[in-house]
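Here is the structure we will look at, set down as structure tokens.
Both backbone and side-chain heavy atoms feed into the values below; hydrogens, waters and symmetry mates do not.
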Amino acid sequence: MYELSPNLQGTTLSLGLTGDVTLDDVVAFNNEMREHSKTPNITQLVLNLSQVSSMDAAGLGVLVSLNTSMQRYGRRLVLLCLAPHIDKLLKEAEIEGFFATCESEEELKGFIPEASTTRKNNS
């Protein structure tokens with residue numbers, strides 16, 4: 001089971017992904033990611049993968065399909081802070097250069113200045 005935590009800043013929607021994304025979750029994960037990718041007025045979707053416990057090829061397939069779809073509409077998917085097992089999964093699938101990636105929050109801010117996966121409090 002997984003959880004997505006959204007944070008919208010300007011034209012960037014950041015999602016923190018936690019938990020497991022496996023074949024059992026892939027339909028719900030695909031539907032939820034597609035809905036987020038259609039958020040009005042966003043130009044990029046940042047997915048923080050640092051807290052993902054596990055992801056299999058089915059979950060990776062969702063990200064590949066989503067990336068392709070977003071590019072078609074002039075939007076970008078950026079993967080942030082790949083957990084080691086996610087990095088390994090990308091390498092094994094031989095698609096590590098397929099996604100825009102940032103290793104840290106600092107690198108992301110240099111890439112997309114308004115982006116942050118840290119939720120801001122409205123207090």
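- Note that the CG atom of Leu17 and the CD1 atom of Ile86 stand 8.0 Å from one another [nearest 0.5 Å].
- Applying the side-chain hydrogen bond (donor to acceptor under 3.5 Å, both in side chains) definition to pairs two or more places apart or across chains, those involving residues 49-61 are Asp20-Ser54, Asn48-Ser50.
- Annotation: ring-ring contact (aromatic ring centres under 6.0 Å, His included) contacts involving residues 49-103, sequence neighbours excluded, are absent.
- Looking at every heavy atom in both residues, Met55 comes nearest to Leu60 through SD-N, 3.8 Å.
- Atom OG in Ser104 sits 7.5 Å away from atom CG in Leu80 (nearest 0.5 Å).
- Every residue meeting the side-chain contact (heavy atoms from CB on, under 4.5 Å) condition with Arg76, not counting sequence neighbours, appears here in chain and number order: Gln44, Val78, Ala100, Phe111, Ile112.
- Distance check: Glu96 CD to Leu79 CG gives 12.5 Å after rounding to the nearest 0.5 Å.
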Residue pair Thr18, Val52: steps toward the side-chain contact (heavy atoms from CB on, under 4.5 Å) verdict: CA-CA 5 Å; Thr18 58; Val52 176; over 6 Å; no
Apply side-chain contact (heavy atoms from CB on, under 4.5 Å) to the pair Leu13 and Asn7, showing each step before the final yes or no. CA-CA 6 Å; Leu13 177 62; Asn7 182 24; 5.8 Å; no
Could you go step by step and tell me if Val46 and Leu108 meet the side-chain contact (heavy atoms from CB on, under 4.5 Å) rule? CA-CA 9 Å; Val46 176; Leu108 177 66; 3.8 Å; yes
Hey, can you pull the donor-acceptor pairs under 3.5 Å for the side chains in residues 23-32, sequence neighbours left out?
from  : atom 1 : to    : atom 2 : distance (Å)
Asp25 : OD2    : Thr22 : N      : 3.4
Asp25 : OD2    : Thr22 : OG1    : 3.3
Asn30 : OD1    : Arg34 : NE     : 3.2
Asn31 : ND2    : Val27 : O      : 3.3
Glu32 : OE1    : Tyr2  : OH     : 2.8

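- Not one N or O on the side chain of Ser69 forms a donor-acceptor pair closer than 3.5 Å with the backbone of Ser65.
- Under the 4.5 Å side-chain contact rule for hydrophobic residues, Ile95 and Val21 share a cluster.
- Across all non-hydrogen atoms, the minimal contact from His36 to Ile42 is O-CD1, 3.7 Å.
- If you take CG on Asp87 and CD on Glu92, they are separated by 10.0 Å, rounding to the nearest 0.5 Å.
- For the atom pair CG of Asn67 and CZ of Arg75, the computed distance is 13.5 Å after rounding to the nearest 0.5 Å.
- Scanning all heavy atoms of the two residues, the minimum distance from Glu103 to Cys81 falls at O-SG, 3.6 Å.
- At a threshold of 4.5 Å between non-hydrogen side-chain atoms, the residues Met33 and Leu15 count as touching.
- Within the structure, the ring-ring contact (aromatic ring centres under 6.0 Å, His included) test picks out no pair touching residues 45-66 (sequence neighbours left out).
- The one candidate from Thr39, Thr12, Leu66 that meets the side chain to side chain contact (heavy atoms under 4.5 Å, CB included) condition with Leu45 is Leu66.
- Within the structure, the ring-ring contact (aromatic ring centres under 6.0 Å, His included) test picks out no pair touching residues 40-62 (sequence neighbours left out).
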